[in-house]
Amino acid sequence: MLLDSGADVTLIPQTAVEPLGIAAVSDKQYELMGFDGNRSFVSVAHLELVFCRRTFRGQFLLIDQTSGILGRNVLNAVSLLFDGPNLVWDERRPE
């Protein structure tokens with residue numbers, strides 16, 4: 001998963017949920033628009049996503065790509081420290 005503080009929502013690769021036997025909701029699709037203006041429609045699944053020892057439950061969009069994107073609907077709930085020069089990130093915990 002890529003951490004993308006500019007993405008509104010989290011996008012999960014379809015290939016990550018298929019082995020778990022999780023099916024997309026059959027009657028729902030959402031329209032996505034990329035920065036280049038291209039539009040696409042994606043399915044949605046009800047999932048539990050664990051990130052930084054927190055569980056996020058709800059609808060997540062499924063994409064046909066090998067890497068997913070962790071967006072602000074998850075990232076806004078945690079405090080992260082990005083260390084660009086060292087190419088690392090970590091959860092920032094209250095002292």
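Since we're looking at a predicted model, the values are computed, not measured.
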Inset, instruction - Output the distance between atom CD (Glu31) and atom CZ (Phe41), rounded to the nearest 0.5 Å. - result: 4.0 Å

Legend entry - Distance in Å, Gln14 CD paired with Ser43 OG, rounded so as to fall on 0.5 Å steps: 6.5 Å

Legend entry - Interatomic spacing from CG in Leu2 to OG in Ser67 - rounded to 0.5 Å: 5.0 Å

Inset, instruction - For Arg54, check salt bridge (charged side-chain N to carboxylate O under 4.0 Å, His left out) against everything at least two apart and list the hits. - result: Glu91

Inset, instruction - Kindly give the heavy-atom pair with the smallest separation between Ala45 and Ala23, and that separation in Å. - result: CB-O, 4.0 Å

Legend entry - Heavy-atom pair with the smallest gap, counting every atom of Pro13 and Gly68: CG-N, 3.4 Å

Inset, instruction - Applying side-chain contact (heavy atoms from CB on, under 4.5 Å), run through Val42 and Asp64 and close with a yes or a no. - result: CA-CA 9 Å; Val42 297; Asp64 187 24; over 6 Å; no

Legend entry - Reported CD1-to-CD1 distance for the pair Ile69 and Ile63, which is rounded to 0.5 angstrom: 5.5 Å

Inset, instruction - Please lay out, stage by stage, how Val25 and His46 fare under the test side-chain contact (heavy atoms from CB on, under 4.5 Å). - result: CA-CA 8 Å; Val25 176; His46 295 282; 3.5 Å; yes

Legend entry - Under 3.5 Å donor-acceptor, Asp90 side chain and Leu81 backbone: no

Inset, instruction - Compare all side-chain heavy atoms of Gln59 with those of Lys28 and state whether any distance is below 4.5 angstrom. - result: yes

Inset, instruction - Provide the full list of side-chain hydrogen bond (donor to acceptor under 3.5 Å, both in side chains) pairs with a residue in residues 74-87, sequence neighbours left out, each pair given once. - result: Asp83-Asn86

Legend entry - Whichever hydrophobic residues join Leu70 through chains of side-chain contacts under 4.5 Å: Met1, Leu3, Ile12, Val17, Leu20, Ile22, Leu47, Leu49, Phe51, Phe56, Phe60, Leu62, Val74, Leu75, Val78, Leu80, Phe82, Trp89

Legend entry - Residues, nucleotides or ligands: over 12 heavy atoms within 6.0 Å of Arg92 CZ: no

